[in-house]
Amino acid sequence: MTPTLYAVEGMTCAHCRSAVDAEVTKVAGVASVDVDLDRGLVRVHGAAVDPAAVVAAIDEAGYEAVAA
Ligand SMILES: [Cu+2]
């Protein structure tokens with residue numbers, strides 16, 4: 001399965017990373033989440049994941065995401 005990438009503004013530390021990871025992990029179909037703090041990217045692995053649901057989950061965590 002191909003990972004999908006999201007550009008996320010404002011993640012700066014391990015707390016941000018775990019907040020985003022926790023919310024995105026709850027999205028239907030998500031198998032794993034990688035957060036790259038340095039590049040401001042979130043990589044989502046899974047099957048039939050709805051990108052809008054991932055963006056909403058990242059918003060729920062308090063950050064602004066754009067599918068990249
Ligand atoms: Cu932080």
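Atoms within a ligand are numbered from 1 in the order they appear, just like the ligands themselves. From a predicted model like this one, the values you see are computed outputs, not experimental measurements.
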Under a 4.5 Å cut-off applied to non-hydrogen side-chain atoms, are [X] and [Y] in contact?
| X | Y | value |
| --- | --- | --- |
| Y6 | L41 | no |
| D34 | V42 | no |
| V54 | V49 | yes |
| D50 | V27 | no |
| V35 | M11 | yes |

task = Around the Cu ion (ligand 1), list the protein N/O/S atoms within a radius below 2.8 Å, excluding water molecules.
result =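 Correct list: C13 SG, C16 SG.
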note = dist D21:CG -> K26:NZ (nearest 0.5 Å) comes out at 11.0 Å
